[in-house]
Amino acid sequence: MRKSAVALCAVAAVGAVAVVLVPATAPEASRGDTALVSVVVNQGRTVELGPAETRTVTVEVTARDDSGIRAVDPIGLWGPNYAALKMGPMTCTPLDGAGTTSRCRGEATVAATARALFDDQAGSWFVDLRIRARDGDRYVSKNAAGFSLKRTALIDLADAPARATAGEAVTVRARLQRADWDSNTDIPQQGATAYLQFRPAGSSTWTTLAAAVTDGGGALSLNVPVRVPGTFQWYAPGDKWTTSALSAELPLAVDGAAAHPGQ
């Protein structure tokens with residue numbers, strides 16, 4: 001099962017049912033002068049995971065206490081729809097001569113093929129941790145930091161004529177796909193917007209020519225006039241759940257182009 005359930009214990013008697021209630025416990029709280037300085041997941045970058053990839057995610061926690069840091073434990077990485085990553089042991093290293101500030105580092109493995117990660121679990125994740133000091137103080141946070149775990153995107157099958165005549169319209173095509181963690185493959189993305197960009201020869205600047213929306217097979221197609229030689233590419237912006245994508249570059253030679261090109 002992907003979702004957790006809470007079990008209620010009951011004792012049955014003749015003609016009646018008695019429910020055994022467990023007293024609620026107060027959540028663990030911070031105490032003393034233990035402080036969280038920073039949390040860095042995956043070196044501050046989005047975790048991007050393809051349809052059949054396995055990645056190691058680093059977590060670095062910097063903390064301080066007058067007596068020094070004993071450990072960061074437990075620590076958890078939690079995501080949408082009951083998603084969780086299991087952390088390995090955290091190793092702490094003092095950062096100053098007094099030993100009051102330490103950086104603790106650990107790793108988690110995220111795998112698309114382990115049937116423990118699903119498409120609806122991409123998005124915003126958070127770090128849950130407890131920092132323990134040598135004098136018994138502690139710092140506790142259920143949401144110490146956030147990070148993004150996203151499905152990768154791919155623009156393939158990019159195609160355009162290699163040569164055209166100035167003033168002629170050419171058709172530029174491609175296909176947009178996104179990683180599907182449920183089926184462990186890339187699947188066409190329907191109804192997504194991508195942008196056709198052009199960089200004139202000798203320039204380093206890309207200009208967006210037009211936008212296109214993918215069809216049911218993820219296909220993109222635009223018919224655009226050309227006046228100067230240069231290079232096309234497709235760009236699809238990411239969102240909360242998926243990464244952005246760029247196609248391969250498509251060079252274009254133009255016969256009869258002006259001596260001083262301008263697209």
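Note that the structure is a prediction, hence the values are computed from the model and not measured. Only heavy atoms go into these numbers, but all of them, side chains included; no hydrogens, no water, no symmetry mates.
Salt-bridge annotation for Asp186 and Arg178: absent, with no side-chain N of the basic residue lying under 4.0 Å from a carboxylate O of the acidic one. Looking at Arg199 and Glu249, a side-chain N of the basic residue comes within less than 4.0 Å of a carboxylate O on the acidic one, giving a salt bridge. For Glu60 and Arg105, the salt-bridge test passes: some basic side-chain N is under 4.0 Å from an acidic carboxylate O. Comment: Arg163 engages Asp255 in a salt bridge, judged by a side-chain N to carboxylate O separation of less than 4.0 angstrom.
Between Val61 and Leu129, the closest side-chain pair of non-hydrogen atoms falls below 4.5 Å. With a 4.5 Å cut-off on side-chain heavy atoms, Asp33 and Asp137 count as touching.
With hydrogens and angles ignored, the 3.5 Å screen pairs a side-chain donor or acceptor of Lys150 with a backbone N or O of Asp239. Asp215 places a side-chain N or O within donor-acceptor distance of the main-chain N or O of Ala219, the cut-off being under 3.5 Å. Side-chain atoms of Trp181 never come within 3.5 Å of backbone atoms of Ala116 as a donor-acceptor pair (strictly under, hydrogens ignored). A donor-acceptor pair under 3.5 Å is formed between the side chain of Gln121 and the backbone N or O of Asn81. Judged by distance alone, with hydrogens and angles left aside, the side-chain atoms of Ser247 form a donor-acceptor pair with the main-chain N or O of Trp234 at under 3.5 Å. Put simply, the side chain of Thr193 never gets that close to the backbone of Val213: no donor and acceptor are under 3.5 Å apart. Thr243 contributes a side-chain N or O that, together with a main-chain N or O of Ala153, makes up a donor-acceptor pair within less than 3.5 Å. A donor-acceptor distance shorter than 3.5 angstrom exists from the side chain of Thr214 to the backbone of Ala192, with no hydrogens or angles considered. Under the 3.5 Å distance criterion, the side-chain polar atoms of Ser141 are matched with a main-chain donor or acceptor of Asn143. A donor-acceptor pair under 3.5 Å is formed between the side chain of Asn184 and the backbone N or O of Pro51.
Between the CH2 atom in Trp78 and the NZ atom in Lys142 there is a gap of 8.5 Å [rounded to 0.5 Å]. For the atom pair CG (Leu49) and CG (Leu117), the distance works out to 6.5 Å, reported to the nearest 0.5 Å. Taking CG from Leu85 and CG from Leu77, the interatomic distance works out to 5.0 Å, rounded to the nearest 0.5 Å. Rounding to the nearest 0.5 Å places CZ of Arg132 at 10.5 Å from SG of Cys104. With rounding to the nearest 0.5 angstrom, the OG1 atom of Thr46 is 9.0 Å from the CG atom of Leu149.
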Sequence neighbours excluded and cut-off under 3.5 Å, please list the side-chain donor-acceptor pairs for residues 167-177, or say none.
unit_1, atom_1, unit_2, atom_2, d
Glu168, OE1, Thr165, N, 2.9
Thr171, OG1, Asn223, OD1, 3.0
Arg175, NE, Asp156, OD1, 3.0
Arg175, NH2, Asp156, OD2, 2.7
Gln177, NE2, Asp156, OD2, 3.1

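Looking at residues two or more places apart in sequence or on another chain, you find no salt bridge (Lys or Arg N to Asp or Glu O under 4.0 Å) involving Asp135. For Arg64, there are no salt bridge (Lys or Arg N to Asp or Glu O under 4.0 Å) partners at least two apart in sequence or on another chain.
Remark: the Arg151 side chain and the Thr242 side chain contain no N/O donor-acceptor pair separated by less than 3.5 Å. Looking at Asp96 and Thr100, their side chains do bring a donor and an acceptor atom within 3.5 Å of each other.
In this structure, Trp241 shares a hydrophobic cluster with no other residue, the cluster being traced through Ile, Leu, Val, Met, Phe, Trp and Tyr side chains under 4.5 angstrom apart. Under the 4.5 angstrom side-chain criterion for Ile, Leu, Val, Met, Phe, Trp and Tyr, Val40 has no cluster partners at all. Grouped by direct or indirect side-chain proximity (heavy atoms under 4.5 Å, Ile/Leu/Val/Met/Phe/Trp/Tyr only), Leu246 sits with Tyr195, Tyr235.
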